[in-house]
Amino acid sequence: MNEAVGCPECSNEVKQGYIFSPRRICWSESAESILSDFGSEVLISDPLFKVKKTPALRCEKCNIVIFKYK
């Protein structure tokens, strides 16, 4: 993700950086709350020893973050 990229919402230039979480990041097609993420599609898994940082692009105006997973 080295090229200058525009936000898909407003076309402003996005910032390059990294996202990270001490927990996994999952995907769901449903907006309903859940008690457990068991069976959900995991985009970024739990860290074993260190928290992994994933390259990402961020639009501060639209609050959108774009990242490649797996």
Side-chain angles (χ1 to χ4, degrees):
M1 291 191 188
N2 292 335
E3 299 175 17
V5 177
C7 171
E9 291 278 324
C10 69
S11 299
N12 283 345
E13 189 172 328
V14 294
K15 285 188 168 184
Q16 293 185 12
Y18 300 85
I19 60 166
F20 62 95
S21 173
R23 303 242 354 194
R24 71 180 81 190
I25 297 175
C26 298
W27 171 263
S28 174
E29 293 182 7
S30 170
E32 293 181 29
S33 297
I34 58 173
L35 296 174
S36 170
D37 60 3
F38 180 75
S40 298
E41 180 183 2
V42 177
L43 301 181
I44 299 176
S45 61
D46 291 320
L48 295 176
F49 300 106
K50 287 182 163 182
V51 176
K52 179 183 173 190
K53 291 185 176 181
T54 300
L57 303 171
R58 174 181 169 202
C59 178
E60 292 179 320
K61 179 180 177 186
C62 297
N63 299 320
I64 290 176
V65 176
I66 302 167
F67 63 96
K68 291 184 180 183
Y69 58 94
K70 294 191 180 177

Residue list, side-chain contact (heavy atoms from CB on, under 4.5 Å) with Ser33, at least two apart or on another chain: none
side-chain hydrogen bond (donor to acceptor under 3.5 Å, both in side chains) partners of Glu60, counting only residues at least two apart: Lys15
Rounded distance [0.5 Å steps], CD in Glu9 versus NZ in Lys61: 10.5 Å
Transitive ILVMFWY cluster of Leu35, excluding itself - 4.5 Å side-chain cut-off: none
Hydrophobic cluster partners of Phe20 (side-chain heavy atoms under 4.5 Å): Val51
Atom of Gln16, atom of Leu57 and distance for their closest heavy-atom approach: CG-CD2, 3.6 Å
By side-chain contact (heavy atoms from CB on, under 4.5 Å) - contacts of Ser21 (at least two apart): Arg23, Ile25
Of all pairs that satisfy side-chain hydrogen bond (donor to acceptor under 3.5 Å, both in side chains), the ones with a partner from residues 38-51, not counting sequence neighbours: Arg24-Asp46
Point-to-point distance, once rounded to the nearest 0.5 Å, from SG of Cys59 to CD1 of Ile66: 8.5 Å
Distance (rounded to the nearest 0.5 Å) between Trp27 CH2 and Tyr69 OH: 8.0 Å
Cys7 and Ile64: CA distance, side-chain angles, deciding distance, side-chain contact (heavy atoms from CB on, under 4.5 Å) verdict: CA-CA 8 Å; Cys7 171; Ile64 290 176; 4.1 Å; yes
Closest non-hydrogen atom pair between Gly6 and Val14, with its separation: C-CG1, 4.3 Å
Verdict with supporting geometry, Ile19 and Ile44, side-chain contact (heavy atoms from CB on, under 4.5 Å): CA-CA 10 Å; Ile19 60 166; Ile44 299 176; 4.1 Å; yes
Under 4.5 Å side-chain linkage, directly or through intermediates, the cluster mates of Leu48: Phe49
